[in-house]
Number of protein chains: 2
Amino acid sequence: MVKRESNVDRVYDALRQMAVDFAFKPDQRLNESALAAQLDTSRTPLREALNRLVAEGLLTFQTNRGFFCRSLTPKDILDLYETRVAVECEALRLSCSRASDDEICALEMWLAEAEPMYLSSEDTLELLTLDEEFHLRLARLSGNNELLRMLASVNDRIRYIRLIDLKNMCARSGGDPEAHRKIMRALAARDAKGADTAMRSHIEKRREQATEAVRIAFSQLYVPMD
Amino acid sequence: MVKRESNVDRVYDALRQMAVDFAFKPDQRLNESALAAQLDTSRTPLREALNRLVAEGLLTFQTNRGFFCRSLTPKDILDLYETRVAVECEALRLSCSRASDDEICALEMWLAEAEPMYLSSEDTLELLTLDEEFHLRLARLSGNNELLRMLASVNDRIRYIRLIDLKNMCARSGGDPEAHRKIMRALAARDAKGADTAMRSHIEKRREQATEAVRIAFSQLYVPMD
DNA sequence: GCATTCAGAATTGTATACAATTTAGAATAC
DNA sequence: GTATTCTAAATTGTATACAATTCTGAATGC
């Protein structure tokens, strides 16, 4: 057998993508043999990858019953949004005193370039990707890799929820394209307190809308024939 | 073969304990066959458990080379302490508005009971456990399970560093037993701002001392014959 | 001495086999 | 019709085998 690159990593990446991109339904049980066949590997490396995803919180596991797509209760969603606040606000605070003018300027330019797309795009998934990228780039300015890692992890876990939220937001165009600029202005002014306030209210607003969007989506599940 | 409980979980717990309790030296390569024999299992479930620990950040993995005990650079330590600030301060902020008087009272009583031990104990490991428990109990008052989980994860990863720190602190009795009470007083008064300040300065002081302690410990490595 | 080469040993990567357990569904009783 | 029991099928749990790769250390050349 000839091998050039890591198979487990490939399987892990593929599974992670599937989990994040809603290929599994909440609470769905994953069939190991079927998944292994689909990813052209055997159950041994597959299970190693699945175990990583359990540790990351994307899947759950029950002895003798297997791996399941993790579902989120409203409480879970609240907890995760609060965690986002903790991570992003602290990262922003650090960025205010650490990021160089050049780095801030570069992010402002990226934002200016992305904004037209953000305002015009019809593709909800693309919007979500843009939004996530802004927040990740912002967090990266803190220079703290752990905070960045945690933000990425939280993002992955609420991605499904945020997509529902954005779909809803597009429909009624209730988004606030100013929010990101406001955060950037405070950062550029090295105004840690103002940045904290702007970030908090931005995430909080998104959380409220997401909760509402999820409520609507759930209610629609009960009248699926329209 | 008769089985009553999960083997992978048992192996995972054992490995985690070993990793947290310094059974592996930094950057040490773990021998799968030896570990499997030691834990009385085979390599298949062992590797599943090891993969979980990689996802948690306690170990690292290199294709075709295996699993390694993760070592921490000074930068890593700084990042982790900053993450602690982010998580604990936000949890405390939430606790200030959410925790019931009864819960706060119960934690104050626990602290009062633990303090004599904290002041007198010679056992550094016991001190560390007490300190970790206070911080975890405090974070639990936020009602946010994700923040709690993250704090536990960070604690596990800097446990080795904190032990070095505490050993050093005991030697020169430079600890501040007032710090925890101060945080509790602000919490009881529902003073979110004061609590934030107290927590920040507490963790920051510990971080500085830990960095110093690690520096001393490292320097001692170069003169090991005394 | 120091670097390089190259078997052989040790170790990791993973497919497979089979035991243990759970699940699904038919048969039965009420 | 509903609940219960039981058997067969499906699925998970893990030990093992062997291929692929890396590591070790002796032999060689400079």
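First the proteins, then the strands, lettered A, B, ... as listed; each starts at 1.
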If you check every side-chain atom of B:Asn64, which of C:dA17, C:dA15, D:dT21 has the closest atom? D:dT21
Please lay out, stage by stage, how B:Glu88 and B:His135 fare under the test side chain to side chain contact (heavy atoms under 4.5 Å, CB included). CA-CA 8 Å; B:Glu88 293 210 57; B:His135 283 273; 2.7 Å; yes
A cation-pi test, strictly: NZ or CZ of A:Arg52 under 6.0 Å from the centre of the six-membered ring of B:Phe61 and no more than 45 degrees from its axis. Yes or no?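 Relative to the ring axis of B:Phe61, which defines the angle, A:Arg52 lies inside both limits.
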May I ask you to check if B:Arg162 and B:Tyr81 form a cation-pi contact, with NZ or CZ under 6.0 angstrom from the six-membered ring centre and within 45° of the axis? no
A:Tyr160 and A:Phe22 aromatic ring geometry - parallel, tilted or perpendicular at 30°/60° bounds: tilted
Distance test, side-chain N/O of [X] to OP1/OP2 of [N], below 4.0 Å:
{"X": "B:Thr63", "N": "D:dT21", "result": "no"}
{"X": "A:Ser6", "N": "C:dG13", "result": "no"}
{"X": "B:Asn7", "N": "D:dT14", "result": "yes"}
{"X": "A:Ser42", "N": "C:dT14", "result": "no"}
{"X": "A:Asn31", "N": "D:dT11", "result": "yes"}
{"X": "A:Arg43", "N": "D:dT14", "result": "no"}

Crowded around A:Glu113 CD? As in, over 12 foreign heavy atoms under 6.0 Å?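 Incorrect, the count does not exceed 12.
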Would you say that more than 12 heavy atoms from the other residues, nucleotides or ligands in this model lie under 6.0 Å from the OH of A:Tyr12, or not?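 Atom OH in A:Tyr12 is crowded, with more than 12 foreign heavy atoms closer than 6.0 Å.
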Hey, can you pull the residues of residues 46-54 of chain A with a non-hydrogen atom under 4.0 angstrom from DNA chain D?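 Contacting residues: A:Arg47.
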Using a 4.0 Å heavy-atom cut-off, does A:Phe61 contact any base of the nucleic acid, only the sugar-phosphate backbone, or nothing at all?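 Sugar-phosphate, no base atom in range.
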What is the distance, to the nearest angstrom, from the [atom1] atom on [X] to the [atom2] atom on [N]?
{"X": "A:Phe68", "N": "D:dT12", "atom1": "CZ", "atom2": "C1'", "value": "11 Å"}
{"X": "B:Gln62", "N": "C:dT12", "atom1": "CD", "atom2": "C1'", "value": "12 Å"}
{"X": "B:Arg29", "N": "D:dT24", "atom1": "CZ", "atom2": "P", "value": "7 Å"}
{"X": "A:Leu35", "N": "D:dA10", "atom1": "CG", "atom2": "C1'", "value": "16 Å"}
{"X": "B:Glu32", "N": "C:dT12", "atom1": "CD", "atom2": "C1'", "value": "6 Å"}

Comparing A:Thr44 and A:Arg65 on DNA chain D - which has the more 5′ nearest nucleotide: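 This one resolves to A:Arg65.
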For a side-chain hydrogen bond (donor to acceptor under 3.5 Å, both in side chains) check, start with the C-alpha distance between B:Asn144 and A:Glu82, then their side-chain angles and the critical distance, and finish with the verdict. CA-CA 8 Å; B:Asn144 187 314; A:Glu82 284 175 359; 2.8 Å; yes
